[in-house]
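This report refers to the structure that appears directly beneath it.
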Amino acid sequence: MKKSIVIEKAFKYTPGTIGDDIPNVYIYDEVQGYWINSKSKTPMMFDNNGPRPQTKKQDVETGEDQKGE
Amino acid sequence: MNKVDILIISNQYDYTTDYVCIELSRRNTNYLRLNRDSFTNYQIKFNVNLGELYITCSGNNYLIDDSLKSVYYRAPTHFRETFIKKHTSEQQLYNSQWMSFVRNLTFFESAKWMNNPLNTFKAENKLLQLKYASSLGFQIPETIVANDISNLDLKPGSQLAVKALDTALFTIGQKEAFFYTNIVESDEIIKYNAKSIPLVYQNNLHPKIDYRVTVAGEDIYCAKILNKGNGIIGDWRKQKYKLDFIDCNLPLDVKTKCFDLTSKFKLHFGGIDLIESKDGFYFIEINPTGEWAWLVDAADHKVYKSIAGFLI
């Protein structure tokens with residue numbers, strides 16, 4: 001039986017756990033609303049060692065309208 | 001009690017939102033980020049008669065009322081049930097009921113929304129996007145949606161771009177799967193079962209250069225997408241780390257059309273995919289909740305400054 005092209009040609013990947021890429025030194029600051037380095041207090045997005053988005057999807061293919069779904 | 005001027009709806013692991021909050025903090029604004037994955041950490045009371053929403057978060061008390069200036073909405077509008085069977089009963093209820101709560105924040109109608117989910121919902125329809133883009137003067141690919149390829153009038157040896165009509169994210173066994181745009185030979189298409197779902201078939205624009213345009217408030221950013229100086233064959237998203245995103249300017253008329261399309265959908269933000277082919281620019285799609293964070297480093301696009309500027 002023929003299969004759908006969507007299934008046959010889909011990019012397949014093993015889903016990771018959300019937040020796995022964040023080193024332990026970073027904590028989420030509920031009041032500021034962003035992740036910070038717990039030692040230097042530098043926002044993770046501007047910390048040299050922090051994980052920052054380097055590709056469109058960071059290998060999580062959630063589609064553009066499913067933020068965190 | 002902290003009066004909130006700017007409300008941000010996101011989730012805790014959305015680093016894109018971090019950029020915006022950092023900028024809002026730098027500009028000393030009264031903002032509050034609510035994370036959809038953290039609602040059980042908040043105490044929430046919404047007095048609908050008074051139009052007052054009280055939130056306690058980390059020991060701080062916040063009030064949102066009709067003086068709310070703006071909302072940055074980083075959340076889905078379509079709740080897809082793809083993985084619902086993996087969820088416990090509690091998770092299913094959490095998702096459906098809190099999503100409804102978040103959508104109901106459109107109660108605050110006088111605030112500026114980037115974007116209002118009601119407008120996003122409409123703008124996420126790809127065929128309507130193409131219709132509007134064409135009406136505004138954009139070239140669009142020849143596009144057929146069908147579940148019966150016998151009607152496609154395929155020419156032997158021709159190539160088609162095959163796309164899902166909506167985000168195609170699903171599971172195959174223990175893996176997740178995502179369907180990108182695929183360039184397929186006409187002879188190959190007949191090997192597949194095309195009748196089960198509607199698919200989008202477009203003429204393959206080749207050679208081409210892809211562009212990612214980000215409209216944010218009154219600003220526009222454009223990145224040309226290349227691999228070692230060359231355009232990409234097929235869907236550029238498949239190539240991930242090999243790509244260069246080069247900041248560039250669009251011709252004025254193309255820029256104007258991007259703003260016009262965003263306005264037509266009543267959006268204040270849109271990630272627009274364009275292609276430059278032999279005979280000019282083509283509109284491909286607009287993403288009302290499109291990603292942009294990777295462009296901060298990749299193309300020096302400080303989109304967060306434009307978003308903060310809009311929200312303030």
Side-chain angles (χ1 to χ4, degrees), chain A, chain B residues 8 10-19 21-22 25 31-33 36-37 41 57-58 60 74-80 120 124 162 164 167-170 172 174-180 182 184 189 191-194 196-197 199 237-238 240-241 271 287-291 293-294 297-298:
Chain A
M1 183 181 163
K2 290 179 179 178
K3 278 194 174 177
S4 167
I5 190 171
V6 175
I7 295 170
E8 287 294 292
K9 287 191 172 279
F11 170 70
K12 302 166 191 73
Y13 59 98
T14 303
T17 304
I18 293 170
D20 267 2
D21 57 334
I22 302 179
N24 289 336
V25 71
Y26 297 103
I27 55 170
Y28 182 74
D29 185 324
E30 287 266 14
V31 176
Q32 295 293 334
Y34 50 82
W35 291 83
I36 57 169
N37 184 314
S38 58
K39 291 177 182 164
S40 67
K41 306 299 179 198
T42 308
M44 183 171 78
M45 302 314 286
F46 294 112
D47 201 22
N48 289 336
N49 300 318
R52 288 206 291 276
Q54 298 301 311
T55 66
K56 181 164 174 290
K57 285 298 174 192
Q58 286 295 91
D59 297 325
V60 180
E61 312 300 333
T62 56
E64 295 219 37
D65 63 338
Q66 295 191 88
K67 306 293 172 293
E69 202 58 62
Chain B
I8 292 144
S10 184
N11 71 62
Q12 188 172 316
Y13 295 96
D14 184 57
Y15 309 148
T16 303
T17 303
D18 279 29
Y19 277 120
C21 290
I22 293 164
S25 173
Y31 68 92
L32 172 65
R33 174 174 176 173
R36 294 182 302 113
D37 49 352
N41 296 343
C57 167
S58 294
N60 295 306
R74 285 275 299 175
T77 53
H78 293 267
F79 180 66
R80 295 182 175 84
T120 296
E124 279 179 343
V162 183
T167 300
L169 179 69
F170 51 101
I172 300 177
Q174 297 301 309
K175 296 209 165 188
E176 287 183 8
F178 187 85
F179 186 69
Y180 291 101
N182 273 261
V184 185
I189 287 176
K191 293 179 188 168
Y192 299 103
N193 173 8
S196 59
I197 54 172
L199 283 170
R237 296 174 300 175
K238 284 180 175 177
K240 295 181 182 288
Y241 297 96
N287 304 288
T289 54
E291 291 294 343
W294 93 100
D297 284 344

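Every chain is numbered from 1 and lettered A, B, ... according to where its sequence line falls, protein lines coming before strand lines. Computed from a prediction, not measured in an experiment: that's the story for all the values here. Below, all heavy atoms of this structure are taken into account, side chains as well, without hydrogens, waters or symmetry copies.
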Which bit of [X] is near chain A, if near means a heavy-atom gap under 4.5 Å: side chain, backbone, both or neither?
| X | value |
| --- | --- |
| B:Ile172 | side chain |
| B:Gln12 | both |
| B:Lys191 | backbone |
| B:Leu199 | side chain |
| B:Ile8 | neither |
| B:Ala293 | both |

At a 4.5 Å cut-off on heavy atoms, which part of A:Ile36 comes close to chain B: side chain, backbone, both, or neither?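 No part of A:Ile36 comes within 4.5 Å of chain B.
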Would you mind checking which part of A:Lys9 comes under 4.5 Å of any heavy atom in chain B, side chain (CB onward), backbone (N, CA, C, O), both or neither?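 Both backbone and side chain of A:Lys9 come within 4.5 Å of chain B.
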How about B:Phe179 and A:Glu8: do any of their side-chain heavy atoms sit closer than 4.5 Å?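 No, every pair of side-chain atoms sits at 4.5 Å or beyond.
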Answer whether the closest heavy-atom distance between the side chains of B:Thr167 and B:Glu124 falls below 4.5 Å.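 Side-chain contact under 4.5 Å: no.
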Any side-chain to backbone donor/acceptor pair from A:Tyr34 onto B:Tyr15? Under 3.5 Å, distance only.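 Such a contact is absent between A:Tyr34 side chain and B:Tyr15 backbone.
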For B:Asp37, give me all partners under salt bridge (charged side-chain N to carboxylate O under 4.0 Å, His left out), at least two apart in sequence or on another chain.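 With neighbours one apart ignored, the set is empty.
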More than 12 heavy atoms from other groups under 6.0 Å of NZ on A:Lys3: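 No, NZ of A:Lys3 has 12 or fewer neighbouring heavy atoms, counting only those of other groups under 6.0 Å.
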Once side chain to side chain donor-acceptor pair (under 3.5 Å) is applied, do any residues pair with B:Tyr19, and if so which ones, sequence neighbours excluded?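 For B:Tyr19, no residue satisfies side chain to side chain donor-acceptor pair (under 3.5 Å) once neighbours in sequence are set aside.
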